[in-house]
**Student:** 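Take this structure first; my questions come after.
Letters A, B, ... are given to chains in the order of the sequence lines, protein chains preceding strands, and every chain is numbered from 1.
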Amino acid sequence: MNKKNITLLLAGVAGLSLSGIAGAADRHTQTIAATCMTCHGPGGHSLGAAPSLAGLEKSYFVQTMKDFKSGARPASIMKRHASGYTEAEFEAMGAYFASLK
Amino acid sequence: MTLNRRDFLKISGAGAAAALTGCATTPSVARGHVVVVGAGFGGATCAKYLRQWGPNLDVTLIEPNDKFISCPISNWVLGGMRTMKDITHGYDNLPKHGIKMVKDYVVAIDTAKRTLKTRGGATISYDRLVLSPGIEILTDTVKGFKEAEAAGKVVHAWKAGPQTALLRRQLEAMPNGGTFVMSVPAAPYRCPPGPYERTCMVANYFKKAKPRSKIILLDGNPDVVSKKPLFTDAWNTLYPGMVEYRPNNAPVAVNGKTMIVTTEFDDVKGSVLNVVPRQRAGEACAMAGVRNDSAGNWCTVNLATFESTTVPNVHIIGDSILASLPKSGHMATNHAKVCAAAIVELLAGRQPDPSPVIANTCYSATSSTTSGYVANVYRYEEGKGYVSQPEGGATPKGDELNFAYNESWAKNIWANVLG
């Protein structure tokens, strides 16, 4: 291994320790939110009967997902989806969708 | 891959040492050239998210077709509920995301040199390659199919396009009182509920236009593969006496002149024959040497990154992979997002998300006003792959609300893939 490669390797490893964990966590939320958009429209703006998610208040989003999961709010498909996520993911998704215009 | 405590300490130590020597003070940015092969649900989505999450990446998307023709909703065309125009969309918006579109076929891939060649003569090099070629239909597995297909007598219509339009014309030309014979390949195949939805869409058309007609479904599987309660309810209540279901009846031969499908048990004559042969990963996967399951049909991948388990820097998404996940367009778009996220992290020198979560949502119409769904969330666990979460499942009966959501789903997924 030459000197340049060693430098690149160290730089890469440092990147992981400095920003990699936080980066992966953000990407985790972004990836989940992107899968929601398949039905709820690009950028959270729906073109059909499924509701838009962009700009929803975080607390409303989180409570709605909790209610779908518990069954407090009757749903067609959403109990099946909501049951697959953690409350921490609801919070992160809620913050993300609230940030979208 | 998850980090254990010892790995984490090792990395922290190395990171601290690097920081002290001043090697890295700014977060790294993903750079490099990612080439995506195939602009279907998986490939087009992956290209878009690579650019969105890695704005400094160069992304090239190679696709030979002028237009995107959607397999989802193509059964509605066969039932006369939609036209080919409704399921055909342009690629005009993709370059606006900074994606370089190349209209060409890939003819060779050299994974050692990380280059590929196109039919048009171009050589393109890559840092990471994403293959999303869809399926290759094994037309040799049903004797006589190739000849009948070439003569325009029998089609599979399992890739939406000219065969969809031809099958619709055959159904329109069929006399009232005729028989539509369809076959289902042994799993795994593209779109598990597709054959049963197709049966419903053709039955819906017959009920209105040709009520004395019959449908015989020859299934190469021991039972209905997907959404059984939904489809059997539709056959029994909406189309009583019209649909005859025969499990364990894979076709071994078809004759386009006598219009007979031969199974292991008997000869079945029809007015319109729709034989869907078995399938494997698209041809580009063979070129890259990544059809690496035991039968050499499908691609095994690291499901957290969708990188081939045997060929580095090559990722495979969509119908071509071997996994306990349904081969659906919806799933392909979600493979694409996890894959894009992983590539962005890898090209930035970071660790990809070790526990991605994806979901499938699949609607099937049972009539021109009713649909049902199956939905599951899958959470990746190292050593286990994607684990289906509790409460996933399917509706037992189609209804009008889900038909509205089915239509909404199509509009939104098309906009996500191509908008």
**Student:** For a 4.5 angstrom cut-off between non-hydrogen side-chain atoms, does B/Ile73 reach B/Arg82?
**Tutor:** yes
**Student:** Measuring only between side-chain heavy atoms, which start at C-beta, is B/Thr361 closer than 4.5 Å to A/Ile77?
**Tutor:** yes
**Student:** Please determine whether the number of non-hydrogen atoms from other residues, nucleotides or ligands lying under 6.0 Å from atom CD of B/Glu381 exceeds 12.
**Tutor:** yes
**Student:** Among B/Leu57, B/Val36, B/Leu50, B/Leu346, find the one that has a side-chain contact (heavy atoms from CB on, under 4.5 Å) with B/Arg128.
**Tutor:** B/Leu346
**Student:** Side chain, backbone, both or neither: which part of B/Val344 has an atom under 4.5 Å from a heavy atom of chain A?
**Tutor:** side chain
**Student:** Hey, which of B/Ala410, B/Ala359, B/Gly393 has the most heavy atom pairs under 4.5 Å with chain A?
**Tutor:** B/Gly393
**Student:** Are any non-hydrogen side-chain atoms of B/Ile321 and B/Val301 less than 4.5 angstrom apart?
**Tutor:** yes
**Student:** What I'd like to find out is whether the side chain of A/Met65 reaches to under 4.5 Å of the side chain of A/Met78, using heavy atoms alone.
**Tutor:** yes
**Student:** Can you tell me which of B/Lys411, B/Gln389, B/Glu407, B/Lys337 forms the most heavy-atom pairs within a distance under 4.5 Å of chain A?
**Tutor:** B/Lys337
**Student:** Examine whether an atom of A/Ser52 lies under 4.5 Å from a heavy atom of chain B, and if so say whether it belongs to the side chain, the backbone or both; otherwise answer neither.
**Tutor:** neither
**Student:** For B/Asn402, is it the side chain, the backbone, both or neither that has a heavy atom under 4.5 Å from a heavy atom of chain A?
**Tutor:** side chain
**Student:** Side chains of A/Cys36 and A/Leu53, heavy atoms from C-beta outward: is any pair under 4.5 Å?
**Tutor:** yes
**Student:** Measuring heavy-atom distances to chain A, does B/Glu391 have an atom under 4.5 Å in its side chain, in its backbone, in both, or in neither?
**Tutor:** both
**Student:** At a heavy-atom separation under 4.5 Å, does B/Phe41 approach chain A through its side chain, its backbone, both, or neither?
**Tutor:** neither
**Student:** Relative to chain A, which segment of B/Tyr378 carries a heavy atom at a distance below 4.5 Å: side chain, backbone, both, or neither?
**Tutor:** neither
**Student:** Apply the test side chain to side chain contact (heavy atoms under 4.5 Å, CB included) to residues B/Val417 and B/Trp414: give CA-CA distance (whole Å), side-chain angles for both, the deciding distance (0.1 Å), then the verdict.
**Tutor:** CA-CA 5 Å; B/Val417 175; B/Trp414 291 335; 6.0 Å; no
**Student:** Quick one: what part of B/Trp53 sits under 4.5 Å from any heavy atom of chain A, side chain, backbone, both or neither?
**Tutor:** both
**Student:** Do you know which of A/Ser76, A/Gly43, A/Ser83 has the most heavy-atom pairs with chain B at a distance under 4.5 angstrom?
**Tutor:** A/Ser76
**Student:** Please classify the contact of B/Asn406 with chain A as side chain, backbone, both or neither, using a heavy-atom distance under 4.5 Å.
**Tutor:** neither
